[in-house]
Amino acid sequence: MSIVDKGKEAVQGIAQAVVKKAVELAPGALLPGGRPDPLIRRQHGHIGKPVSRVDGPLKVRGAAPFAAEVALDGMVYAALAYSTIARGRIAAIDTALAEAAPGVVLVMTHRNAPRLNPPPRFLTGDKAAAGDDSPIMQDDRVRWNGQPVALVLADSQEQADHARSLIRVTYAEEPAATSLPTADGCEVGTFMGEPLRAVVGDADAAFAAAPNKVEAVYRTPRHNHNALELHAATLVWRGDELFVHDATQAVAHTAWSLAQIFGLEEAQVHVGSPFVGGGFGGKGLWPHQILAAAAARLAGRPVRIVLSREGVYRAVGGRSPTEQRVALGADADGRLTAIIHRGVTPKTRHSPMPEPFILPTQSAYAAETIALEVQTCYLDMVANTFMRAPGEAVGTVALECAIDELAERLGMDPIELRILNEPDKDPISGRPFSSRNIVAAYRAGAERFGWDRRNPVPRSRREGEWLVGMGCATATYPYHRMPGGAARITLDAAGRARIDAAAHEMGMGTATTHTQVAADRLGLPLEAVSVRYGDSSLPGVILAGGSQQTASVGLSVMMAHQELVGELLKLAGNDSPLAGLGVDEVESADAGLRKRDEPDRFESYASILARSGRSELAVESSAPMPLETMHWSMHSYGAMFCEVRVNAVTGETRVSRFLGSFDCGRIINPKTAASQFRGGIIMGLGLALMEETQFDERNGRIMTRNLSDYHLPVHLDVPEIDVIWTDIPDPHAPMGARGIGEIGITGTGAAVANAIHNATGRRVRDFPITLDKLL
Amino acid sequence: MTPFTYVRATDAQTAVRLADSRHPGVRYLGGGTNLVDLMRETVERPTALVDVTGLSNEITETDGGGLLIGAAVRNTALAEHRLVRSRYPMLARAIVAGASPQIRNMATVAGNILQRTRCAYFYDQAGSRCNKREPGQGCDAIDGFNRMHAILGASPSCVATHPSDMCVALAALDATVHLNTAQGERRLPFADLHRLPGDEPDRDTVLQPGDLITAVELPALPLAARSAYRKVRDRSSYAFALVSVAAALAVENGTVTDVRLALGGVAPKPWRPLAAERALRGQPATEAVFRAAAAAELAAAEPLRDNAFKVELAQRTIVAVLGELAENGLAGGGA
Ligand SMILES: Cc1cc2nc3c(=O)[nH]c(=O)nc-3n(C[C@H](O)[C@H](O)[C@H](O)COP(=O)(O)OP(=O)(O)OC[C@H]3O[C@@H](n4cnc5c(N)ncnc54)[C@H](O)[C@@H]3O)c2cc1C
Ligand code: SF4
């Protein structure tokens, strides 16, 4: 097994010893030769229907409460002041004017902040949530330009904002590492303690000997999180208990981590986050929640904190820049003999991981030799973090452009080159693929997109000032299912079911899809199922990240359902038509249980509960360890097709058509899935053409700190995006479904770049591809 | 934002009087789309605002066949006006190329003219040095991020650009600005309103504190009926110009008889490329002449670290816009 793969498993929390123990508990569905999830075969149910979002009406009416909208009696408002140097000490901090300003309740700095335990850094424990483990306001140190140095509480947001502008800080500046040449050390990057490196054979020698080769360096810039909803929390202490209305992708992790920080029992912290206005990896535990809770305790008042847009840039990390060298060697027929993908990316000493851009290359192509490595260098900057498809989003940019360059070198169609190098097993781990239909996705996409109309000769199609070209690239994102999944099913006397799980709704349709899945699982109509989520008191430690939430909750509900059936059979007793039947002999249907091969032996849930005198029945179960990824190489795939128009006079690029053809297992809800795919692709268009954080290397200051300077695609930049999918269920994934949340951003950047090359003959390897690079 | 008082003026005299009585620290408030942002950033810290959106929002024809545009006319209203669209299409197009519909609905003509640079260091009151904000502090843009900055007319103290699209058209159209000041009414050629930074980069214009813009006058300019505005930017919409060109061109028998040109995104003020205009008048309307004229103007360019591309981009855009106007003119048989 490769070291990279080990790293990947480590991130899913699979320690070998735990795995051995878990094998006994695992359901057969996830083991080789075992039975797949029965729902995979179920046709004509709710799964696969374009059900509209169950929370749609609430959101349209503006009645869905977001964290910054919760009002608490006596609440005060917080504003943060941020450092303006990258490294050093706070020599003096003058808060007198701020304290005297109208409405001010508290000014908190390192001098008066309560002493706290260090924030548990994400990935250092099951429930660790902090994107940065620096002890903010616990000492006079400044660790990055933009670090919070003071927090003001006031009766109104305006008063707090004004007062914080009156704070004067004097720094004792120290030399800072704010560019790669000044980095404070470099080493092979690690992911959960395992090096990000993989070696198969001698790739350097194979590359040197290859008759056909391409080699180039690709650069991607720093990116920042820009969810529509700003990071926010409204919180209150009641005695020694902390109640947080948060905007987070990790309620249970956040509750546990805050408990650690404040020296409390886990049960003393309650985190609720029913609606999140976009997360993308950025909505974890950051300094603002911690500082707001500390200030609330000092002031004895409930606190609302909403980061300004600038605040998100200063205090919440984003994606690190990368410099990736890809070298591909191929034989005369185009078969890859060497894949080398190595590069460098900065990181801080306080962040969980370096941008792991080699991940998509691990399972991409059958090559005789492979060499992958991430070097990481330490800088003084805001802690870099997870951002939609960390690794894959920018790793596919380099790999898939290089493949396109090789195709051109070989005079081959880039799709045919990819298909020729399609592996029959995972090239590094040697494991079989659970389900891989990327060729089918390419064929279907090419047909629908009209790939045959592409002229392989660059710069051969012109319409007036506009050069037109087409490109494609492979999208890929791994299937994850992290440990910690759990769910409770509660049946009531009327035979309705409620699913409880500490999952999250960030706009992707969590409640909707799980209503569908649970309805099919339980044999209920949609109206008879409700889903409760977004609260740390609910079962499970479920991260809305890694595109894994659906699998995690889905499998937990499947396990709980098995237990529920057992409980129902016990309750049914001897007077029931089900008397004497075992769990394996019955199935859920028509709001009750029936014998599989004798459907007339049926009793409804309501009837079972009524006869046993129960008003409700609740069972809770956890998902087993993610053994499926030990046995299979599991990934979602896509074939991305792009048509661009590049202005020959000005270099402006307009994407005129885009198609994503996906292979992600079964699609549970075509409506919400299409939005995930499209949203990812739009983010990928931004990555390709305009998104770039300007990080001033002289002082480590981020200069693009608003949506005017930091460019994201606007409506006019986004063409109609066509999305199709194979809908081939993965026999080894719950419901047959692999993740869909992140894959859309992968492959997109390369598809655009490849299309630009086809349109103009220019190969831009420095992203984003702004017009100056095409003049 | 620093606390301030707010009053609303109903006419120009009152506005000037109110401003005078609240001096210093007073600012006129138009749509607020720039001023309020700067107040939030504490770059601007007025103690009093005099709201002048109640001033004239009329657009009237002048005796000479020009247009008189009230200072409080909203950008959207100006762009949609029938006479603006027919007589000065470059102006209508320049306005709709700017900002977003919501911002244009709020923004006033005077506010647009007096909007300040978008230099990110200028905005970063807390963490960056800027001579325009704090004279003498230094300029972090000169050796920093300056992709959006000036290649013409800058000085060692400031290299920021004027961000307006509308103003580029006003410069090309030879507009006149009407002012009401403590000393009385005054008129000023639009070209003389904005100033180059020199060693006083904090002064964007020649106006004195309290000077009120009451109207903008456009002269009759038949040539402008066939005019164009082209904006080159980093995304399709909602981005400031890297380079923009406003142009009107008259061609008779293949010869350029008259021309108006202005450039945006390249200089501290809306840039009137008089050298290029001189190189065009009386010359054949050919691409070679357009190219030479553009080159003549850009010969003076002094690019910075990140913006050398603008020198080429500006020339290409000028040539393309003139080429298009010449072609349309021929197709339409002159006028
Ligand atoms: C995100 C964003 C994107 C934008 N994109 C573009 C773009 O692409 N192109 C573009 O051209 N513009 C753009 N703008 C700028 C926009 O055009 C200006 O903000 C707007 O025109 C300012 O007009 P206002 O009436 O709101 O001015 P205000 O903000 O009210 O005032 C601006 C200045 O004018 C002064 N002032 C106002 N009225 C008078 C008067 N009668 N006499 C004297 N002084 C006066 C004020 O005191 C202040 O100093 C953008 C703005 C934003 C926020
Ligand atoms: S270019 Fe001008 S506005 Fe920008 S930082 Fe320098 S002095 Fe300030």
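Atom set for the values below is all heavy atoms of this structure, side chains included, hydrogens, waters and symmetry mates excluded.
- Ranked by heavy-atom pairs under 4.5 Å with chain A, the list B:Gly127, B:Ser236, B:Ala239, B:Pro3 is led by B:Ser236.
- A salt bridge is defined here as a Lys NZ or Arg NE, NH1 or NH2 lying under 4.0 Å from an Asp or Glu carboxylate O, and A:Glu691 with A:Arg222 fails to meet this definition.
- By the 4.0 Å N-to-carboxylate-O rule, B:Asp234 lies close enough to B:Arg147 to be salt-bridged with it.
- In this structure, CD in B:Glu297 is found 6.5 Å from CG in B:Leu263, a value given to the nearest 0.5 Å.
- At a 4.5 Å heavy-atom cutoff, the contact between A:Glu465 and chain B is made by side-chain atoms alone.
- Only the backbone of A:Ala648 comes within contact range of chain B, judged by heavy atoms closer than 4.5 Å.
- Neither the backbone nor the side chain of B:Arg40 comes within contact range of chain A, judged by heavy atoms closer than 4.5 Å.
- With a 4.5 Å cut-off on non-hydrogen atoms, B:Thr2 touches chain A through its backbone and its side chain both.
- Looking only at atom types and distance, the side chain of A:Ser656 has a donor-acceptor partner in the side chain of A:Glu643 under 3.5 Å away.
- To the nearest 0.5 Å, the span separating CD on A:Glu697 from CG on A:Leu379 amounts to 8.0 Å.
- Below 4.5 Å, heavy atoms of chain B meet heavy atoms from A:His162, A:Ser165, all part of residues 147-169 of chain A.
- Contacts of residues 92-104 of chain A with chain B at a heavy-atom distance below 4.5 Å are absent; not one residue qualifies.
- Residue B:Gln315 does not touch chain A at all, counting heavy-atom pairs closer than 4.5 Å.
- If you take CD1 on A:Ile702 and CZ on A:Arg314, they are separated by 6.5 Å, rounding to the nearest 0.5 Å.
- Across every non-hydrogen atom of B:Ser237 and A:Leu716, the tightest pair is CB-CD2, 4.0 Å.
- With rounding to the nearest 0.5 Å, the separation of CZ in A:Arg89 from OG1 in A:Thr170 is 11.0 Å.
- With chain B as partner, the option from A:Ile85, A:Thr770, A:Val649 having the largest number of non-hydrogen pairs under 4.5 angstrom is A:Val649.
- Between A:Phe767 and A:Gly749 the shortest heavy-atom distance is CE2-O, 4.0 Å.
- Note: B:Arg233 leads B:Arg118, B:Arg233, B:Glu312 in heavy-atom pairs under 4.5 Å with chain A.
- Using a 4.0 Å cut-off between charged side-chain N and carboxylate O, B:Lys231 and B:Asp165 make a salt bridge.
- Between chain A and the options B:Thr42, B:Asp124, B:Val232, B:Leu313, heavy-atom pairs under 4.5 Å are most frequent for B:Asp124.
- Residue contact with chain B, scored on non-hydrogen atoms closer than 4.5 Å, involves the side chain of A:Asn647 exclusively.
- A donor-acceptor pair shorter than 3.5 Å cannot be found between the side chains of B:Gln102 and B:Asn105.
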Can you list the steps and then say if A:Glu720 with A:Arg678 is a salt bridge (Lys or Arg N to Asp or Glu O under 4.0 Å)? CA-CA 9 Å; A:Glu720 199 69 43; A:Arg678 289 205 177 94; 5.5 Å; no
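- Considering only heavy-atom pairs separated by less than 4.5 Å from chain B, the leading option among A:Asp717, A:Leu712, A:Thr84 is A:Asp717.
- Looking at A:Asp696, both its backbone and its side chain come within 4.5 Å of chain B, counting heavy atoms on both sides.
- If you take CG on B:Leu38 and CZ on B:Arg45, they are separated by 11.5 Å, rounding to the nearest 0.5 Å.
- Rounding to the nearest 0.5 Å gives a distance of 13.5 Å between CD of A:Glu652 and CZ of B:Arg235.
- Looking at B:Asn307 and B:Asn146, their side chains never bring a donor and an acceptor atom within 3.5 Å of each other.
- With sequence neighbours excluded, no residue satisfies ring pair (Phe, Tyr, Trp, His ring centres under 6.0 Å) with A:Tyr171.
- Using modelled atom types, one finds a donor on one side chain and an acceptor on the other under 3.5 Å when comparing A:Asn145 with A:Arg701.
- Closest approach of B:Leu261 and B:Pro273 over heavy atoms only: O-CD, 3.1 Å.
- The choice from B:Tyr238, B:Tyr123, B:Tyr121, B:Phe145 that makes the most heavy-atom pairs within less than 4.5 Å of chain A is B:Phe145.
- Using a distance-only test at 3.5 Å, with no hydrogens or angles considered, no donor-acceptor pair links the side chain of A:Lys773 to the main chain of A:Arg763.
- With a 4.5 Å cut-off on non-hydrogen atoms, A:Met690 touches chain B through its side chain but not through its backbone.
- Using non-hydrogen atoms only and a strict 4.5 Å limit, the part of residues 131-144 of chain B facing chain A consists of B:Asp140, B:Asp143, B:Gly144.
- Looking at A:Asn699, only its side chain comes within 4.5 Å of chain B, counting heavy atoms on both sides.
- The most heavy-atom pairs under 4.5 Å with chain A, out of B:Ser100, B:Ala308, B:Ala120, come from B:Ala120.
- A:Glu173 has no carboxylate O lying under 4.0 Å from a charged side-chain N of A:Arg87, or vice versa, which leaves the two without a salt bridge.
- Nearest heavy-atom pair, B:Ala160 versus B:Thr117, reported as atom, atom and distance to 0.1 Å: CB-OG1, 3.3 Å.
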